[in-house]
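Ligands are counted one by one from 1 in listed order, and the atoms in each one are counted from 1 as well. Nothing here was measured: the structure is a model prediction, and the numbers come from that model.
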Amino acid sequence: MKTFIAPSILACDMQKLGEEMRRAERAGADVLHADVMDGVYVPNISFGFDFIKAVDKAVGIPIDVHMMTVCPQKYIRELKDAGADNVTVHHDTASRDEIIKAVWAIKNEGMKASVALRPKFPAEDIEPFLPYIDMALVMTVEPGFGGQKFMSDMLPKIAKIRSMAPELDIQVDGGINEETAALCAKAGANVFVVGTASFRAPDMKSAITKIRRAAEKYEVE
Ligand code: DX5
Ligand code: ZN
């Protein structure tokens, strides 16, 4: 499984959005991770479609949208129009059937579709979605804020999902740095969202390179 590094826009200097996005691209980001929060599903509000559109216009790399909102299925056309390449929805934001429908709707728009699990949910919760999704997101912090501490008790969940789905992209999000990326990679993750440890590092390029190297040690064919 190839390693992907996805800097989280939430941690950038939003006063100079375009410049920051190009800085991430130059530093070796594979994709940009955009956290959409509605103040209902999580206790924070971030940004919406026009902001994502501005990000997309600034760079050539794919945009990975992490929907931390209720009713994510309502916004799929808007996300496509904004330039999203992947859309991740949380599995507890709607019924199982509605989430599967949302996944199909995302794929019908030509985007990749992923399902996320908050820390309190077990690996087994991903199972009904496995036939349909491109990626599973294992939250390694409570969603809502950047800069939180990595929850190492999520590692067995990553390993479990990897054993259930040997070919699936597995993304981790929250508190990822060189050290925690290695732990997650060892457990089976291959897509790393990095906010604080990328944009706020003294040298973003060297930070991304180190995180990538740490993860690639555990890359499996
Ligand atoms: C948290 C977001 C993350 C966040 C990660 O709810 O989903 O993407 O930006 O930030 P760090 O890497 O600082 O934990
Ligand atoms: Zn996120």
task = Mind checking the CG-NZ spacing from N108 to K101? Nearest 0.5 Å is all I need.
result = 13.0 Å
key: From CG (D38) to CG (N44), nearest 0.5 Å   = 10.0 Å
Side-chain touch P7/V194, heavy atoms, less than 4.5 angstrom = no
request  = Determine yes or no for a side-chain-to-main-chain donor-acceptor pair under 3.5 angstrom, with E25 supplying the side chain and G60 the backbone.
outcome  = yes
message = Are there over 12 heavy-atom neighbours, none belonging to K112, within less than 6.0 Å of that residue's NZ?
response = no
task = Look at atom CD of E179 and say whether more than 12 heavy atoms of other residues, nucleotides or ligands are closer to it than 6.0 Å.
result = no
Does ligand 1 have any N/O pairs with the protein under 3.5 Å, and how far apart?
| unit_1 | atom_1 | unit_2 | atom_2 | d |
| --- | --- | --- | --- | --- |
| ligand 1 | 6 (O) | G144 | N | 2.7 |
| ligand 1 | 7 (O) | D35 | OD1 | 2.9 |
| ligand 1 | 7 (O) | H66 | ND1 | 3.3 |
| ligand 1 | 7 (O) | D173 | OD2 | 2.8 |
| ligand 1 | 8 (O) | S8 | OG | 3.4 |
| ligand 1 | 8 (O) | H33 | NE2 | 3.4 |
| ligand 1 | 8 (O) | D35 | OD1 | 3.2 |
| ligand 1 | 8 (O) | D35 | OD2 | 2.7 |
| ligand 1 | 8 (O) | D173 | OD1 | 2.7 |
| ligand 1 | 8 (O) | D173 | OD2 | 3.1 |
| ligand 1 | 9 (O) | S8 | OG | 2.7 |
| ligand 1 | 9 (O) | D35 | OD2 | 3.2 |
| ligand 1 | 12 (O) | G195 | N | 2.8 |
| ligand 1 | 13 (O) | G147 | N | 2.8 |
| ligand 1 | 13 (O) | T196 | N | 3.0 |
| ligand 1 | 13 (O) | T196 | OG1 | 2.4 |
| ligand 1 | 14 (O) | G175 | N | 2.8 |

message = Applying salt bridge (charged side-chain N to carboxylate O under 4.0 Å, His left out) to E124 and K160, what does each step give before you reach the verdict?
response = CA-CA 8 Å; E124 289 73 17; K160 187 81 194 272; 2.4 Å; yes
Within 45° cone and under 6.0 Å: R212 NZ/CZ vs F4 ring = no
task = May I ask you to determine how many protein N/O/S atoms are under 2.8 Å from the Zn ion (ligand 2)?
result = 4
inquiry  = Same cluster or not: V115 versus W104, using hydrophobic residues (I, L, V, M, F, W, Y) connected whenever any side-chain heavy atoms lie under 4.5 Å apart?
reply    = yes
